[in-house]
Amino acid sequence: MSELSKTFEPREIEDRWYGHWESEGLFRPHRPDAQPWTIVMPPPNVTGSLHIGHALDITLQDVLVRRERMRGKDALWVVGTDHAGIATQMVVERTIAGQGLTRQKLGRDAFLEIVWDWKNTSGGMITRQLRRLGASCDWAHERFTMDEGFSRAVTKVFVELYRRGLLYRDKRLVNWDPKFQTAISDLEVETKDLQGRFWTLSYPLADNSGAIQVATTRPETMLADMAVAVHQDDDRYKALIGKQIRHPLTGRLIPIIADEHADPELGSGAVKITPGHDFNDYEVGRRAGIRPADMLNMFDAQAFVVQTRDGLIPSEFLGLSREEARKAVVARLEDEGSLVGVEDRVIPTPFGDRSGAIIEPWLTDQWYVDAAKLALPALQAVKKGNIKIVPETWTKTWFNWLENIQPWCVSRQLWWGHRIPAWYAEDGHVFVAETEEEAKDQAGGRPLRQDEDVLDTWFSSALWPFATLGWPGETDDLRRHYPNDVLISGFDILFFWDARMAMQGIEFMGEVPWRTLYLHGLVRDAHGQKMSKSKGNTVDPLVLVDQYGADALRFTLAAMESQGRDIKLDEKRVEGYRNFATKLWNAARFLKMNGIGASDSIAAPTAPELAVNRWIIGEVVDTLEKLNRAFDELRYDEMADAIYHFVWGTFCDWYVELIKGAFDEETKRVAAWVFDQILVMLHPLMPFITEELWHSMPSDGNKRDSDIVVAKWPEPKAEVDAEAKAELDWLIRLVSEVRSARTELNVPPSAKLNLFAADASDETAGRLDRNHATLSRLARLESIQLSSFPGQGAAQVVVDEATFALPLEGVIDVGAEKARLDRAAAAAEKERDSLAQRLSNPNFTERAKPEAVEKARLDHEAKSAEAERLRAALERLG
RNA sequence: GGGCGCGUAGCUCAGUGGUAGAGCACACCCUUCACACGGGUGGGGUCGUAGGUUCGAACCCUACCGCGCCCACCA
């Protein structure tokens, strides 16, 4: 491996190093005495595949855990997959449908066997894909939300919550998904605006004394109407309160009731009440004293019309879908002259987020978690600062949601999931227990039937931060790694997952699940559009990895991640950071070519003689400081920025250029050390190329003691050498000025010029002397003289106190040079004048901070001097 | 209806009370012995609009305009 190939081939090294890291157990070295550091990966759906959102999420986590591992911590990144109830069952049902099968035909046990098979065969894809990104998680302890231990934890939590009165069974309206035929939680409902209509109907009074008009957006539900409500203060209807209505289609006698829900401003001011199929009406019904069990239901599980308990729905409507029923009802009302008016109207309509079906409020028995009680401590935890949310702006959202939280429906009418540990006796009495035996004991031997339903997937994933560590067992892992240090998740699952983890974690562990909650945004396409399969604008992260390498993709995602903003991913950026990797690769080749290999020490070489070496060590220290600060503040963009500019802008563009042709032992030692620091600092962001180069750097016959994945994060004791910094800063400015003048005056790159330094201080003279060779090479100079140029026709540049002349007799376009100098002088004068104006304002000198005044004075002095010198240079040209 | 965020160079985005930055793109030059996935140089912004606070605002406050997102039962 001593010879680096001419081009950097990510694919080959990525597979090789990942395999090495994993098989050697380097992602979780045994460090029982080290300070623990913990993060859990949001478990991806077991049957899912990697999308760009995962890539971002994984990158952000891996960057952190790699640095903590390098800092010597007992770093643990918990990994595993989620059984994803609805999503997985849906996929499998679709598959067996191809063979003409349904789960009902198969029966529960046979169906579940198929799902498990499916999970076992296709479940490994996403975890293989995570590896391609370089995710350094603890694969040896990979978990699954339905593995044995985890399932035990889920059952225990359910039973405990029940015993603590925080979980109960209740009959009420629930969001029913008629396509999947299951209840879903409020969070799984997406409200979308749909173009609909607003019908006004006429309901006759039972005593034939007249009629009352009601308005509705869902006429079909009138078949289950149980009342008409008006506002108690509405003079139009006051007298009618308590009277009966003969329902137009069913003939059902229903009362006119007073309820504040009826808005006199809206429609006719009277509203039909269907407690069994509308959330508002349900509440009105409750207030009117109707028990949930007595509420009329007119739909089956697939939302087809069925007969109400009172048998009053005319047979022509039975068996119709909601849409058909609506048409039929409207048609009949029209025939009967009961339809008073129709207008178009936009209707906010609830959809199931997975099924896309319109949700039907339906009366069922479900299990609910008393979320309001669990929410309180989670709210407090953020208020007291036990959980820090980054970026902070999300705390308000956190409070707002938790403060208004509703009971959480956790039962699902599915088969794939954790079966609810509740058993019913013949009489309906329920026994909740961790095992059937326990339940039987409680029931005193009566025959029992287990609840058919399973739990919401999020109920189990909420336990991820502690159930993966062995809870309810009191394991060493649990003691050391709970609470986790940080959680990284997209804000889209803030309520689904993060908040529920906080609630369950505090309830069962008595302590917050993580100290910091970092929320990142969505990855969008280059134009800011949300990526979706239907739009066809999705970016497959693995395609990018194939094309540019995992390091480039990781670096891009980190560089574009600035605290929570959505990321517009542009492939050009990935390409750019691939180029960056290549640049680094070639810098390594260059160093090796010149006998520079691995550093023999972790500590910075002490007090080098050459300024350039002292300077670059200081630059490393600077960069490390920036990097560490960025890590502490979770500023990924700043991490990337700091290392990128150091590697390319400082190390490659200047240091390497400066040391070319002068590879003395000291420089070799310093260069080797600096490059090692670069590899280590860059490793969290670009793990693969850094590991490859780490092992490529040692000269023939030598080897590194260990891999960079477990190398020591830099802690150079060195300090920034101010003198060296000043000197190199000067050198860079001088070279840049000369280059700029050359280009602007169209001096051929090959032409070598003489340089005359006028008014040079002793310090400048010394610097010119010390840097004679590099200066000549970088600025393409023939000679350097410490005197003013006696002749005419020279380009001139001003750096600090000195004026440098580059004689260009015959070549120079005096007009162009004059224009150039004039522009430079004008710029300096403009700044000088603006500073002068500020300084002449007593309000400024008296009220501004003394440092600001002092700085303005110094700047003014410098700019005045510079302007003067430039004007003098201009004069010299005649 | 409530809440949040955004509007800075052609594009994507940093920035923050003291006279605007990056990457890409663009223009010109360079086959200089690490790298053309490169090197050098350069052009380009009245920081959405209007007020206010301040010695000083792109940065703080107010209003407005435009864009996006989240939450909410208006029949």
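Naming convention: chains lettered A, B, ... in sequence-line order (proteins, then strands); numbering from 1 in each chain.
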Separation between the C1' atoms of B:A9 and B:C35, rounded to whole Å:
29 Å
note: A:K849, atom NZ; B:G17, atom C1'; distance rounded to Å ~ 8 Å
Checklist entry - Taking atom P in both B:U46 and B:C59, what distance in whole Å separates the two? => result 16 Å
Testing B:C37, B:U19, B:C74 for proximity to the side chain of A:P348, the answer is B:C74
- [ ] May I ask you to check whether over 12 heavy atoms, not counting those of A:Q232, lie within 6.0 Å of atom CD?
- [x] yes
Margin query: So, OP1 or OP2 of B:G39: does either fall under 4.0 Å of a side-chain N or O from A:R739?
Written below: no
A:T217 has its side chain closest, among B:C37, B:A75, B:U41, to B:A75
Distance between the C1' atoms of B:G66 and B:G39, in whole angstroms?
43 Å
Whole-Å distance, A:E575 CD to B:C37 P, equals 9 Å
Pairing string of RNA chain B (Watson-Crick or G-U wobble, both atom distances under 3.5 Å; | = paired to other strand) is ((((((((.[[[[.)..(..]]]].(((((.......))))).....[[[[[..)....]]]]])))))))....
From CD of A:E265 across to P of B:C74 the rounded distance in Å is 17 Å
Using the six-membered ring of A:F675, assess whether NZ or CZ of A:K592 lies under 6.0 Å from its centre and within 45 degrees of the ring axis. no
Please tell me if A:N400 has a side-chain N or O lying less than 4.0 Å from either OP1 or OP2 of B:G2.
no
From NZ of A:K583 across to C1' of B:A36 the rounded distance in Å is 11 Å
Checklist entry - Any side-chain donor paired with an acceptor under 3.5 Å for A:S185 and A:E188? => result yes
Is it true that a side-chain atom of A:T743 and a backbone atom of A:R739 form a donor plus acceptor pair closer than 3.5 Å?
yes
When rounded to whole Å, the CG to C1' distance for the pair A:L494 and B:G5 reads 15 Å
Sorted by chain and number, sequence neighbours left out, ring-ring contact (aromatic ring centres under 6.0 Å, His included) with A:W654 holds for none
The contact string for nucleotides 9-15 of chain B, one letter per nucleotide 5' to 3', using protein heavy atoms under 4.0 Å with B, S and - for base, sugar-phosphate only and none, comes out as ---BSSS
Which of A:F580, A:Y548, A:F688 passes ring pair (Phe, Tyr, Trp, His ring centres under 6.0 Å) with A:F555? Answer is A:F580
Looking at A:K396 and B:C4, is any side-chain donor or acceptor paired with a base atom of the opposite kind under 3.5 Å? no
Here the residues of residues 647-657 of chain A within 4.0 Å heavy-atom distance, strictly under, of RNA chain B are A:W648, A:C652, A:D653, A:V656, A:E657
The nucleotide from B:C4, B:G42, B:C24 with an atom nearest the side chain of A:E744 is B:G42
task: With the side chain counted from C-beta on, respond yes when A:F663 and A:L591 share a heavy-atom pair under 4.5 Å apart, and no when they do not.
output: no
Item to complete: For residues A:Y644 and A:Y577, establish whether the separation of their ring centroids is below 6.0 Å.
Response: yes
For this session: Sticking with atom C1', work out how far B:A72 lies from B:G3, rounded to a whole angstrom.
Result: 11 Å
On a heavy-atom basis, the closest approach of A:V284 and A:H261 is CG2-CB, 3.6 Å
Closest of B:C37, B:A25, B:A22 to the A:H645 side chain is B:A22
**Q.** Check: A:R838/A:N841 side-chain N/O donor and acceptor closer than 3.5 Å
**A.** no
In terms of heavy-atom contacts, A:H860 and A:L835 come closest through N-CD1, 3.7 Å
When you compare B:G42 with B:U49, how far apart are their P atoms, in angstrom units rounded to a whole number? 30 Å
Atom CG of A:L839 and atom P of B:G18 are separated, to the nearest Å, by 16 Å
Under-3.5 Å N/O pairs linking protein and nucleotides 27-33 of chain B:
none

So, A:D281 versus A:H277: side-chain donor-acceptor pair below 3.5 Å or not?
no
To the nearest angstrom, the CD-P distance between A:Q406 and B:C71 comes to 14 Å
A:R838 CZ to B:A57 C1', in whole Å, measures 12 Å
Residue pairs meeting side-chain hydrogen bond (donor to acceptor under 3.5 Å, both in side chains), one or both in residues 391-404 of chain A, sequence neighbours left out, come to A:N400-A:N404
- Query: So A:F651 and A:Y655, would you call those rings parallel, tilted or perpendicular, with 30° and 60° as cut-offs?
  - Reply: parallel
